Amino acid sequence: MDFTSIGEVMVQLNALSPGPLRYVKYFEVHVAGSESNIMIGLVKLGYRAGIVTKVGDDEFGKLVLNFLRGERVDVSRVKVDESAPTGVYFIQRHYPVPGKSTVFYYRHGSAASRLSPNDIDNDYIANSKALVLTGITPALSDSCREAVNKAYEVARANDVDVIFDTNIRMKLWRNESRARESLAKFLSSKIVFTNIEDLGILFPGDSVSDAASKIISKGSTLVVVKLGEEGAVAYDSRLNTYRVGAFKVPLIEDVIGAGDAFNAVFIASIYRGMSIDQALLYANAAGALVVTVRGDVEAQPSWRELEIFIESCRKAVMLR
Ligand code: KDG
């Protein structure tokens, strides 16, 4: 594999109409999860990527496996747990904040929450170019946290790059200091993705640039702060700053998954040898595309689609 990851892949039930879920009559079925979203994005860009996870021995588990296989993600390290269900979550759209989405999880005790160090195959991690981790998996259970810690140690011991997205989900952690303590070690990863809310939890009271410089001092070589509609800013190991604005799209369907598409394209661009400025531009374009549809991965682009999108935006600006 070029890239491997570990995390929960769930069935997503996305509200077809905007507004509070209690009034929604129809839901659309998707498959998603931050780590698998990133792996799928990388496959679309020509890389080989695989995920370590567990699904239930149920219809949704079969759906998750079929979907991952269909997207050509390696599922050789996916296990089926006969005694726990596949996780599910719902998405409420455009309410109470138009343009934003809210996630409701039904994943407590899921098959993936039972991942443990025994599910980590050292060779699978050691033979990949990079291990991609997020702050979600360590929040799922103690055994998940131990599994992610093991994967991280295996990568480090074998000179495999680690790429980390802080992705702090307070609905899972419930307690900021637990999140801060559990995630601290991953901040020395080669590339760290984060956002302003997460930095506020990890480095309370610090400015974005101070927090980024603290992450760099832990050993990271590239910190990327995603700013949503404001684009993104990156800091390299010398604290040079790179900034790019976001692309405007005519409609927002569902913003969930945009950050993962951003990560996949940024990672793919850097590993392809592109500059940080160009990687940021491409990554922002991917994020913009993903918000235009429901589902996290369906609008993740290939290189060609990225170029078509960016070119169309350039033309639109020239015509203005
Ligand atoms: O990044 C998008 C994910 O947050 C979403 O797909 C669900 O993985 C998910 C999570 O744990 O929140």
Side-chain angles (χ1 to χ4, degrees), residues 5-15 21 27-42 49 51-55 60 63-64 67-68 71 73 78 85-93 100-115 132-141 144-145 147-148 163-174 179 182-183 193-195 197-198 201 224-228 232 252-267 283 286-300:
S5 190
I6 165 167
E8 181 158 26
V9 194
M10 294 174 285
V11 167
Q12 175 195 98
L13 293 156
N14 201 313
L21 280 198
F27 292 89
E28 192 173 71
V29 178
H30 296 269
V31 171
S34 183
E35 299 81 6
S36 59
N37 294 346
I38 300 170
M39 294 300 105
I40 290 171
L42 287 163
I51 184 123
V52 178
T53 192
K54 273 186 172 169
V55 294
F60 284 164
L63 168 60
V64 165
F67 188 82
L68 292 175
E71 295 294 336
V73 170
V78 179
T86 304
V88 174
Y89 72 112
F90 289 78
I91 294 184
Q92 169 174 295
R93 298 185 300 118
K100 300 281 181 228
S101 298
T102 312
V103 162
F104 298 92
Y105 297 129
Y106 292 81
R107 67 194 299 186
H108 188 71
S110 67
S113 75
R114 297 181 174 201
L115 280 163
V132 179
L133 299 174
T134 87
I136 296 174
T137 316
L140 298 179
S141 65
C144 279
R145 195 169 58 253
V148 175
I163 299 169
F164 179 65
D165 190 326
T166 56
N167 249 347
I168 298 179
R169 301 282 186 264
M170 282 316 296
K171 280 186 178 171
L172 299 173
W173 286 107
R174 293 175 188 279
S182 302
L183 301 182
F193 294 102
T194 188
N195 60 42
E197 296 75 45
D198 288 6
I201 293 170
V224 184
V225 185
K226 293 177 272 185
L227 306 169
I252 295 179
E253 275 289 327
D254 173 21
V255 294
I256 305 288
D260 302 326
F262 179 105
N263 292 1
V265 171
F266 188 87
I267 295 167
L289 277 171
V290 164
V291 305
T292 63
V293 301
R294 292 183 297 274
D296 293 12
V297 299
E298 287 80 347
Q300 284 185 337

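Everything numeric in this text was worked out from a predicted model, so none of it was measured. Counting starts at 1 for both ligands and their atoms, in listed order.
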Provide the number and element of each atom of ligand 1 under 4.0 Å from a heavy atom of [X].
X	answer
Asp296	2 (C), 5 (C), 6 (O)
Ile256	2 (C), 5 (C)
Ala32	6 (O)
Gly33	6 (O), 8 (O)

Less than 4.0 Å is my threshold; does some heavy atom of Arg107 fall inside it relative to ligand 1?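 Flag set, Arg107 near ligand 1.
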
Ligand 1 contacted by Gln12 (non-hydrogen, < 4.0 Å):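 Contact absent.
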
Heavy-atom distance under 4.5 Å between the side chains of [X] and [Y], does that happen here?
X	Y	answer
Asp260	Asn167	yes
Gln300	Asn37	yes
Val55	Val9	no
Asp296	Val290	no
Leu227	Val225	yes

For Phe60, I'd like to know if atom CZ has over 12 heavy atoms of other residues, nucleotides or ligands within 6.0 Å.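 Counting other residues, nucleotides and ligands, CZ of Phe60 stays at 12 neighbours or fewer.
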
Tyr89 versus ligand 1: do any nitrogen or oxygen atoms come within less than 3.5 Å of each other?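 Right, the criterion is met.
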
Any nitrogen or oxygen of Asp260 lying under 3.5 Å from a nitrogen or oxygen in ligand 1? Just yes or no.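 For ligand 1, there is an N or O atom that lies under 3.5 Å from one belonging to Asp260.
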
For the pair Phe266 and Phe193, name the ring-plane relationship: parallel under 30°, tilted 30 to 60°, perpendicular over 60°.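 Perpendicular, since the angle between the ring planes exceeds 60°.
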
May I ask you to identify the nearest protein heavy atom to [atom], giving residue, atom name and distance to one decimal place in Å?
atom	result
atom 12 (O) of ligand 1	Tyr105 OH, 2.4 Å
atom 8 (O) of ligand 1	Ser34 N, 2.9 Å
atom 9 (C) of ligand 1	Met10 CE, 3.7 Å

Below a 4.0 angstrom heavy-atom separation, can you tell me which part of [X], side chain or backbone, both or neither, approaches ligand 1?
X	answer
Arg169	side chain
Glu8	neither
Asn167	neither

Distance, nearest 0.5 Å, that separates OG of Ser36 from CD1 of Ile51: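 CD1 of Ile51 is found 5.0 Å from OG of Ser36.
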
Any sub-3.5 Å donor-acceptor pair from Arg294's side-chain atoms to Glu253's backbone N or O?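 A pair under 3.5 Å: no.
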
